[in-house]
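In what follows, a single structure is set out as structure tokens and then discussed.
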Amino acid sequence: MTVRTRYAPSPTGALHIGNVRSGLFAYLYARHCGGSFVLRIDDTDQERSTKESLDEILQSLAWLGIEWDDGPPDPKYFQSTRFDRYREAARRLLREGKAYPCYCTAGELDAMRKQAEREHRKPGYDGRCRDLPFAADIELPGANADRKYTIRFRSPHEGETVVEDLVKGRAVFDNAELDDLIIFRSDGVPTYNFATVLDDADFQITHVIRGDDHLPNTPRQMQIFLALGLTPPAYAHLPMVMGHDGSKLSKRHGATSVFAYRDAGYLPAALINYLARLGWSHGDQEVFSPAELIQFFDLNDCGKSAGIFNPEKLLWLNFHYMKERPLDLLAREVRPFIEKRGMQVPGDDAWLERVVATLRERAKTLDELAEFAGFYLRDEIQIEAKAAAKFLKPDIVEPLRVLASELDSLDGNFKEEAIKQAFERVMDRYQMKLGQLAQPVRVALTGGTVSPGIFEVIAVLGAERSGARLRKAIQQASQPGS
RNA sequence: GGUCCCAUCGUCUAGGGGUUAGGACACCGGCCUCUCACGUCGGGAACGCGGGUUCGAAUCCCGCUGGGAUCACCA
């Protein structure tokens, strides 16, 4: 049997990282097994489904590098194109007495639920229409029907349904606990639990891998498979991703969409690695390339308990991948973040690479790198008042002047080694330690007290900008208090 | 409330009868050092509780407690 898994997001909002992790695991499992991966769009709810969400989902998956074998743009993989199939299956169930029309209104159902809750009974449907007589060839609900009704699945009340979950193990459900769920709404739209069964069956899904919030749906879906004369697939329910407060990750926990992380300057490899390692492990290994993930991934190594999303660890992984990234790629990827900050790159790609080389070990995201690069990129820098007060004092004026002329005399030889020698000549002359000279220079050139090594800063900044900034600082230091 | 799921450092996890309970993030300290980082070395930090089974339980069983999910004409 060739493994075939699927991921079935509904295009009703941004692609969420908790949600996409399930898709990632399904993808990884399919690839690991040499099987195929299906992307299906669950858009039966036309009220809430939007083109924007669909685009975001597709772009997010593409950015993450999760590729599907079957799926959009093929219309076959959109539930909205399969209504005929759902209708046909529902008619068959009706004909065979495995489903029945229910004439209860939404309001009645709601009242019933509230009443049951007040009396501390289970709030499910009580089955009052279950044994009403109906014509075997009854119309499906829809605009044409003269009377409003839904179609319910007639679920068995005896026995139990056992889910042999590949991650959670065995879960036993008493069939008496399962009420008759609606498979077709009164507006003629099939509901999720019904449509998903037909899709999983028609697309020949062998393993349904999804979040464990779906575990309660599973016995119902299995019963529908059986009623249709089909064999249910294998199931694997992954534990949820929680926010810092231990509840299901949601918008109120801050950035949760894939786009948000992309826009904040995270690398897809880092996000993939982080998500994979949340709920799955392979010994003590923390860093996995996409190829390794596919090689090592196994459902047996998935944990059973929910995990809390930890932004710090993601940041650390991102930092790790940024350090490993080939310089030319990293420079190219930082560019949009520089532009987004309203800055220009006053040099060629090679120069930008030098900038990035000095900053990559100090930035945890592409955006942070762009921010740190500000002093290289802007024509004018702002000197922090506190830094100036501490380091740009009158007694540093002389050494800075000498340093400036030493640097001028370097002429074309603006290499780190030559710059270092220039510093040493000044330090000898004024009996200074490197720290005493480097900090004022750092303030003069970068505006603050924190930066990459001072020699590399000068080398990258170049003679012109270094000289101009030094002279400006000298001026400022000569007029204390101004 | 019913049903189902879960339980090792703060967090992600390894370990599944005998381990000084291992790693990673975060945190703290030393070293490196022109600042900040990086790097490196070191440190504190966990088997929820109670019963069993066993020579021996973090590990197996039961109960409790705690957490979570779910109970829609959403998916």
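Lettering follows sequence order; numbering is per chain, from 1.
- Across the strands present, B:rC9 finds no partner; the criterion is a Watson-Crick or G-U wobble pair with both atom distances under 3.5 angstrom.
- A distance cut-off of 5.5 Å between ring centres, combined with a plane angle under 30°, places A:H214 in a stacking arrangement with the base of B:rA75.
- Pairing partner, B:rC47: none, since no Watson-Crick or wobble contact has both distances short of 3.5 Å.
- Pairing for B:rA37 is absent, with no Watson-Crick or G-U wobble pair whose two atom distances lie under 3.5 Å.
- No N or O donor and acceptor, one from the side chain of A:Q285 and one from the base of B:rG23, sit under 3.5 Å apart.
- Base pairing analysis places B:rA69 opposite B:rU3; the two distances defining the Watson-Crick or G-U wobble pair are each below 3.5 Å.
- Atom pair A:D126:CG and B:rC71:P shows a separation of 18 Å (rounding to whole Å applied).
- Not one N or O on the side chain of A:Q439 forms a donor-acceptor pair closer than 3.5 Å with the backbone of A:Q436.
- Counting heavy atoms of neighbouring residues, nucleotides and ligands inside a 6.0 Å radius, atom CD of A:Q46 exceeds 12 of them.
- Phosphate contact (OP1/OP2 of B:rA14, side-chain N/O of A:S281, threshold under 4.0 Å): present.
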Distance-only donor-acceptor hits, side chain of residues 415-422 of chain A, under 3.5 Å, sequence neighbours excluded:
{"residue": "A:E417", "atom": "OE2", "partner": "A:Q421", "partner atom": "NE2", "Å": "3.2"}

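- Of the listed residues (A:W68, A:F37, A:Y7, A:Y77), just one forms a ring pair (Phe, Tyr, Trp, His ring centres under 6.0 Å) with A:F203, and that residue is A:Y77.
- Nucleic acid contact for A:N217: base, since at least one base atom lies under 4.0 Å from a heavy atom of the residue.
- Both tests hold for A:R21 against A:F25: distance to the six-membered ring centre under 6.0 Å, angle to the ring axis within 45°.
- Look at B:rU59: it lacks any Watson-Crick or wobble partner with both distances under 3.5 angstrom.
- Both A:F173 and A:D179 lie close to RNA chain B; mapped to their nearest nucleotides by heavy-atom distance, the more 5′-ward contact belongs to A:F173.
- Residue pairs meeting the salt bridge (charged side-chain N to carboxylate O under 4.0 Å, His left out) criterion with at least one member in residues 208-220 of chain A, sequence neighbours excluded, are A:K168-A:D212, A:D179-A:R220, A:D213-A:K248.
- Distance noted for atom P between B:rG23 and B:rC9: 16 Å (whole Å).
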Nucleic acid footprint by protein, nucleotides 30-39 of chain B - heavy-atom cut-off 4.0 Å, B for base, S for sugar-phosphate alone: ----BBBBSS

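- At B:rC6, one or more side-chain N or O atoms of A:K304 fall inside 4.0 Å of OP1 or OP2 (strictly under the cut-off).
- Between B:rG44 and B:rC5, the distance separating the two C1' atoms is 34 Å to the nearest Å.
- Ion pair A:R6/A:D199 not flagged as a salt bridge, since none of the NZ, NE, NH1 or NH2 atoms sits closer than 4.0 Å to an Asp/Glu carboxylate oxygen.
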